[in-house]
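Since the structure comes first, as structure tokens, the remarks are kept for the end.
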Amino acid sequence: MNSTHTIRGKRLTRSFYERPTLEVAEEIIGKYIVFDKNGHRKSAKITEVEAYIGQDDPACHAARGMTKRNAIMFGRGGFAYVYLIYGMYHCLNFVTESKGFPAAILLRSAEPIEGFDFCQGSDKKMLSGPGKFCRVFQINLTHNSLDLTNGHLYLQDRGAETTIVKTPRIGISSGKGHLWRICDAQSQFLSQPLKSRRS
DNA sequence: TGAATGATGCGCT
DNA sequence: GCGCATCATTCAT
């Protein structure tokens, strides 16, 4: 039942990324990530991200200055920052803000849209976590520093409307006070379920 | 339903 | 050496 029809959408340009990170993070929910690899297209709707903002954010990789690994974060917005974590998983980030201000948005979870087999019925968890997303999308260190505005990995606006919820970030030991994990409040495709509200 | 744990490699002190 | 922006599995309650 998979369609090979290409869904149209507007590619997000440099001006989308080169803004305050929290603004970008809130607007990025509901956007679509597209990866064209060898003529095969995968796409997914973004449901959950985290913001890592500047050298005053202790959880941000740039907190202790520029290194070879995090150098891309110090450049212009609109590039991919990919790193290896725990020796076995990759995490994909979107660099934000202008040159000189290091910040990025971690893609934590998404809803599969195009280019997947759904025979297992476990699609809700297929992309639910930063490591799982990269494994399925085959994102690795070779994709670090790719230009999202001019390449085969990019974001699209397909006009989806969303309601967002903010929570503390996951898996960090410092910087827990900020509500910089941003989720689609209605989505079933999150890395962790939101706390249900009690009456 | 939740806590503990092992796998695994790189960057940094 | 140690500590990670993780995940799947095992064990306890």
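Between A:Phe189 and A:Leu127 there is no side-chain heavy-atom pair separated by less than 4.5 Å.
Within the structure, the salt bridge (Lys or Arg N to Asp or Glu O under 4.0 Å) test picks out the following pairs touching residues 170-188 of chain A (sequence neighbours left out): A:Glu48-A:Arg181. A ring pair (Phe, Tyr, Trp, His ring centres under 6.0 Å) check over residues 148-170 of chain A, counting only residues at least two apart or in different chains, returns the pairs A:Phe35-A:His152.
Using cut-offs of 30° and 60° for the angle between ring planes, the A:Phe133 and A:Phe137 rings count as parallel.
Looking at residues 76-89 of chain A, you'll see A:Tyr83, A:Ile85, A:Tyr86, A:Tyr89 sit with a heavy atom under 4.0 Å from some atom of DNA chain C. For residues 166-173 of chain A, proximity to DNA chain C is found at A:Gly171, A:Ile172, A:Ser173, defined as any non-hydrogen atom under 4.0 angstrom from a strand atom. The stretch residues 53-62 of chain A touches DNA chain C through A:Ala59, A:His61, each having a heavy atom under 4.0 angstrom from the strand.
Across the protein-nucleic acid pair, A:Met73 atom CE and B:dG11 atom P stand 16 Å apart, rounded to whole Å. One atom, CD of A:Glu50, and another, C1' of C:dT6, lie 12 Å apart when rounded to the nearest Å. Atom pair A:Lys176:NZ and C:dA5:P shows a separation of 12 Å (rounding to whole Å applied). For the pair A:Glu48 CD and C:dT6 P, the computed distance is 11 Å after rounding to whole Å. In this structure, NZ of A:Lys68 is placed 8 Å from P of B:dG11, rounded to the nearest angstrom. If you measure from atom CZ of A:Arg69 to atom P of C:dA5, you get 7 Å, rounded to the nearest angstrom. Going from atom CE of A:Met126 over to atom P of C:dA8 covers 13 Å, rounded to whole Å. Rounded to whole angstrom, the span from the CG atom of A:Leu106 across to the P atom of C:dC4 amounts to 16 Å.
The side chain to side chain donor-acceptor pair (under 3.5 Å) test applied to A:Arg11 returns no partner, not counting sequence neighbours. Remark: A:Asn140 engages A:His90, A:Thr142, A:His143 in a side-chain contact (heavy atoms from CB on, under 4.5 Å) (not counting sequence neighbours). With sequence neighbours excluded, no residue forms a ring pair (Phe, Tyr, Trp, His ring centres under 6.0 Å) with A:Phe94.
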**OP:** Treat a base pair as Watson-Crick or G-U wobble with both distances under 3.5 Å, then lay out DNA chain B in dot-bracket form, 5' to 3', with | for cross-strand pairs.
**Re:** |||||||.||||.

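The ring of A:Tyr81 has its center closer than 6.0 angstrom to the ring center of A:Tyr83.
The main-chain N or O of A:Gly77 is found under 3.5 Å from a side-chain atom of A:Arg14 such that the two form a donor-acceptor pair.
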Validation: residues 95-102 of chain A side-chain donor-acceptor distances under 3.5 Å, sequence neighbours left out:
from	atom 1	to	atom 2	distance (Å)
A:Thr96	OG1	A:Thr21	OG1	2.8
A:Glu97	OE2	A:Thr21	N	2.8
A:Glu97	OE2	A:Thr21	OG1	2.6

For residues 49-58 of chain A, which side-chain donor-acceptor pairs fall under 3.5 Å, sequence neighbours excluded?
from	atom 1	to	atom 2	distance (Å)
A:Glu50	OE1	A:Tyr52	OH	2.6
A:Glu50	OE2	A:Ile170	N	2.8
A:Asp57	OD1	A:Ala59	N	3.1
A:Asp57	OD1	A:Arg169	NH2	3.1
A:Asp57	OD2	A:Ile53	N	3.1
A:Asp57	OD2	A:Arg169	NH1	2.8

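Among the protein residues, A:Lys132 comes within range of the sugar-phosphate backbone only, with heavy atoms under 4.0 Å from sugar or phosphate atoms but none that close to a base.
With rounding to the nearest 0.5 angstrom, the CG atom of A:Leu92 is 7.5 Å from the CG atom of A:Leu148. Here the CD-NZ distance, from A:Glu114 to A:Lys45, works out to 13.5 Å after rounding to the nearest 0.5 Å. Atom CZ in A:Arg41 sits 8.0 Å away from atom CD1 in A:Ile7 (nearest 0.5 Å). We find the CZ-CG distance between A:Arg69 and A:Leu141 to be 10.0 Å, quoted to the nearest 0.5 Å.
Here A:Arg181 does not reach the OP1 or OP2 of C:dA5: none of its side-chain N or O atoms lies under 4.0 Å away. Residue A:Arg64 has no polar side-chain atom (N or O) positioned under 4.0 Å from OP1 or OP2 of C:dC4.
A salt bridge does not link A:Lys124 with A:Glu111: every distance from a Lys NZ or Arg NE/NH1/NH2 to an Asp or Glu carboxylate oxygen is 4.0 Å or more.
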With 3.5 Å as the limit, what N/O pairs link the protein to nucleotides 9-13 of chain C?
none

